[in-house]
Amino acid sequence: MKPKTDRKRQDKLSRRLLDWYRLNHRDLPWRQTKNPYTVWMSEIILQQTRVAQGTSYYLNFSQTYETVQDFATAPLDDILKMWQGLGYYSRARNMHKCAGHIVEKLEGEFPNTYDQLIKLTGIGKYTAGAIASICFDQAVPAIDGNAFRVYSRVFGIYEDITLSSTFKTFFELGSQIIPHDQPGDFNQAVMELGATICLPKNPQCNSCPLEAMCYAREKKEQTSLPVKTKKIKVKSRYLDYILLHQEGQVLVKQREKGDIWQGLFDFLLIESDMHSKSSIFELVEQNDWGTPSVLYSSAEYKHLLTHQKLHLYFHVLDIPKREDFKLICQNNKLKSLHISDLVNLAVPKPIEKFLEAELPNVLNFQSLKP
DNA sequence: AAGTCGGGGGT
DNA sequence: ACCCCAGACTT
């Protein structure tokens with residue numbers, strides 16, 4: 001079925017939506033300005049991230065790095081540390097690369113059109129539309145998860161939103177209905193409606209400004225829309241972390257590309273399909289580390305990712321011989337670090353939990369938190 | 001077109 | 001359990 005998009009209906013829809021937005025929108029910090037740098041920052045932080053989770057990160061980043069030059073100049077490891085706990089760390093790496101490009105190649109000037117914005121690292125179809133409409137009043141839609149839900153329900157679109165071909169349908173529909181005088185407010189109104197009224201489950205239709213002109217409301221099809229087919233498979237991984245310790249120093253390793261947590265720090269790692277303590281002893285024997293005393297073995301830490309169920313164990317070993325410590329570093333791409341400096345490294349969430357909850361007790365030092 | 005990449009909260 | 005979140009990038 002074809003969505004009704006005649007001019008009168010479009011005008012009524014956008015007018016109701018904008019009126020509702022004016023009265024009901026949340027007072028969020030990134031809405032105070034049209035500065036493309038801070039809007040960009042908020043949009044990246046909010047990718048696949050709820051406002052409630054992202055807001056404190058936005059405030060911290062925008063106050064610490066006030067300009068794109070500040071951001072580009074900062075060490076990536078500092079950015080990653082501040083990003084710690086937010087997830088999808090490629091966002092931070094891409095932002096840093098993007099900021100460098102803007103400063104180095106574009107004289108610090110943010111691009112001001114959809115076509116230019118989408119060329120930047122980390123800026124895709126949604127974010128390009130959001131920045132172009134909010135900051136530069138370009139009449140392009142910003143199709144995110146909210147927009148998929150709101151549009152599909154209001155217009156009765158049953159195309160599978162996980163298919164890339166479907167994006168085109170929604171983008172063209174958005175292009176037709178977006179008012180050219182307030183494109184940024186319109187896009188934000190759609191998202192605000194999706195986030196507060198047109199919810200995935202139990203939508204608050206009786207409070208919706210579009211109630212009288214919504215296909216899903218009329219046909220009682222709210223639970224059927226949007227159509228989404230893909231299902232994800234979750235793998236289990238067993239991670240045995242070996243914390244090698246000697247006189248207040250521990251060995252850490254920065255994670256490389258090709259796996260989760262790229263750029264974050266962890267420890268010597270044994271991975272297998274199952275948790276096996278024996279492999280740890282084999283590791284010790286193979287490496288001639290003297291006879292390390294096992295100070296501690298933690299209970300299991302379970303950690304859920306989108307595609308993976310992680311089972312982590314932490315084993316703290318005290319290495320007796322002094323020379324071996326440096327040799328172990330070289331052989332395993334490890335770095336020696338004093339325990340008091342661990343707090344400065346970006347670490348994955350479950351490691352953060354272990355470091356805060358258990359390591360101070362094991363090694364008998366004060367909490368890592370200031 | 002499908003897979004990968006985090007962490008959290010709601011139901 | 002399952003779903004979704006102001007998605008983008010790689011294969």
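Note that the structure is a prediction, hence the values are computed from the model and not measured. Sequence lines set the chain letters: A, B, ... in the order given, protein chains first and strands last, and positions in each chain run from 1.
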Specify the separation, in whole Å, of atom [atom1] of [X] and atom [atom2] of [N].
| X | N | atom1 | atom2 | value |
| --- | --- | --- | --- | --- |
| L310(A) | dC5(B) | CG | C1' | 12 Å |
| L199(A) | dC4(C) | CG | P | 12 Å |
| E43(A) | dA6(C) | CD | P | 11 Å |
| I118(A) | dA8(C) | CD1 | P | 8 Å |
| R93(A) | dT4(B) | CZ | P | 16 Å |
| R149(A) | dG10(B) | CZ | C1' | 13 Å |
| R91(A) | dA8(C) | CZ | P | 11 Å |
| Q222(A) | dT11(B) | CD | P | 16 Å |

May I ask you to verify if any side-chain N or O of [X] is less than 4.0 angstrom from the OP1 or OP2 atom of [N]?
| X | N | result |
| --- | --- | --- |
| S164(A) | dA1(B) | yes |
| K230(A) | dA1(B) | no |
| K257(A) | dC5(B) | no |
| R50(A) | dG7(B) | no |
| Y89(A) | dG7(B) | yes |

Side chain of [X] only, heavy atoms from C-beta on: which candidate in [options] is closest?
| X | options | result |
| --- | --- | --- |
| I260(A) | dA6(C), dC4(C), dC5(B) | dC5(B) |
| K201(A) | dC5(B), dG7(C), dC3(C) | dC3(C) |
| D259(A) | dA6(C), dC5(B), dG7(B) | dC5(B) |
| W261(A) | dG6(B), dA6(C), dT11(B) | dG6(B) |
| Q47(A) | dC4(C), dG7(C), dG6(B) | dG7(C) |
| H307(A) | dG7(B), dT4(B), dA8(C) | dT4(B) |
| M191(A) | dG6(B), dA6(C), dG7(B) | dA6(C) |

Look at the aromatic rings of [X] and [Y] and report parallel, tilted or perpendicular, splitting at 30° and 60°.
| X | Y | value |
| --- | --- | --- |
| Y301(A) | F354(A) | perpendicular |
| Y65(A) | F71(A) | perpendicular |
| Y238(A) | H311(A) | parallel |
| W40(A) | Y37(A) | tilted |

note = Note: for K309(A) and N146(A) on DNA chain C, the residue whose nearest nucleotide lies more 5' is K309(A)
request  = Please tell me which of K231(A) and Q48(A) maps to the more 5' nucleotide of DNA chain C, matching each residue to the nucleotide holding its nearest heavy atom.
outcome  = K231(A)
message = Could you check whether any side-chain N or O of E192(A) sits under 3.5 Å from a backbone N or O of R26(A), counting only pairs where one atom can act as donor and the other as acceptor?
response = yes
message = Is it the case that the side chain of D19(A) and the backbone of R16(A) share a donor-acceptor pair, with hydrogens and angles ignored and the cut-off at 3.5 Å?
response = no
key: 5' precedence on DNA chain B between K233(A) and L264(A) (nearest-nucleotide basis)   = K233(A)
inquiry  = Go nucleotide by nucleotide along DNA chain B from the 5' end; which of P348(A) and T162(A) gets its closest nucleotide reached first?
reply    = T162(A)
Results of ring-ring contact (aromatic ring centres under 6.0 Å, His included) for F61(A) - residues two or more places apart only = W83(A)
Considering every strand and a 4.0 Å limit on heavy-atom distances, what is the contact class for [X]: base, sugar-phosphate, or nothing?
| X | answer |
| --- | --- |
| I232(A) | nothing |
| S90(A) | nothing |
| R31(A) | base |
| I131(A) | nothing |
| T121(A) | sugar-phosphate |
| G194(A) | nothing |
| N187(A) | nothing |
| T127(A) | sugar-phosphate |
| W40(A) | nothing |
| Q308(A) | sugar-phosphate |

query = Distance between the P atoms of dT10(C) and dG6(B), in whole angstroms?
reply = 14 Å
request  = Using the C1' atom on both, measure dG3(B) against dA6(C) and round to a whole Å.
outcome  =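 Here dG3(B) and dA6(C) have their C1' atoms 23 Å from each other.
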remark   = If one requires at least 3 consecutive Watson-Crick or G-U pairs with distances under 3.5 Å, the stems of DNA chain B turn out to be B:1-5 with C:7-11, B:7-11 with C:1-5
message = Please give me the minimum heavy-atom distance between A128(A) and L117(A), naming the atom from each residue.
response = O-CD1, 3.8 Å
query = What's the verdict on salt bridge (charged side-chain N to carboxylate O under 4.0 Å, His left out) for R31(A) and D27(A), showing C-alpha distance, side-chain angles and the deciding distance?
reply = CA-CA 7 Å; R31(A) 288 180 173 158; D27(A) 185 20; over 6 Å; no
query = Is there a donor and acceptor pair, one atom on the side chain of T49(A) and one on the base of dG6(B), closer than 3.5 Å?
reply =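 Result: at least one qualifying N/O pair found.
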Residues S336(A) and Q249(A): side-chain donor-acceptor under 3.5 angstrom = yes
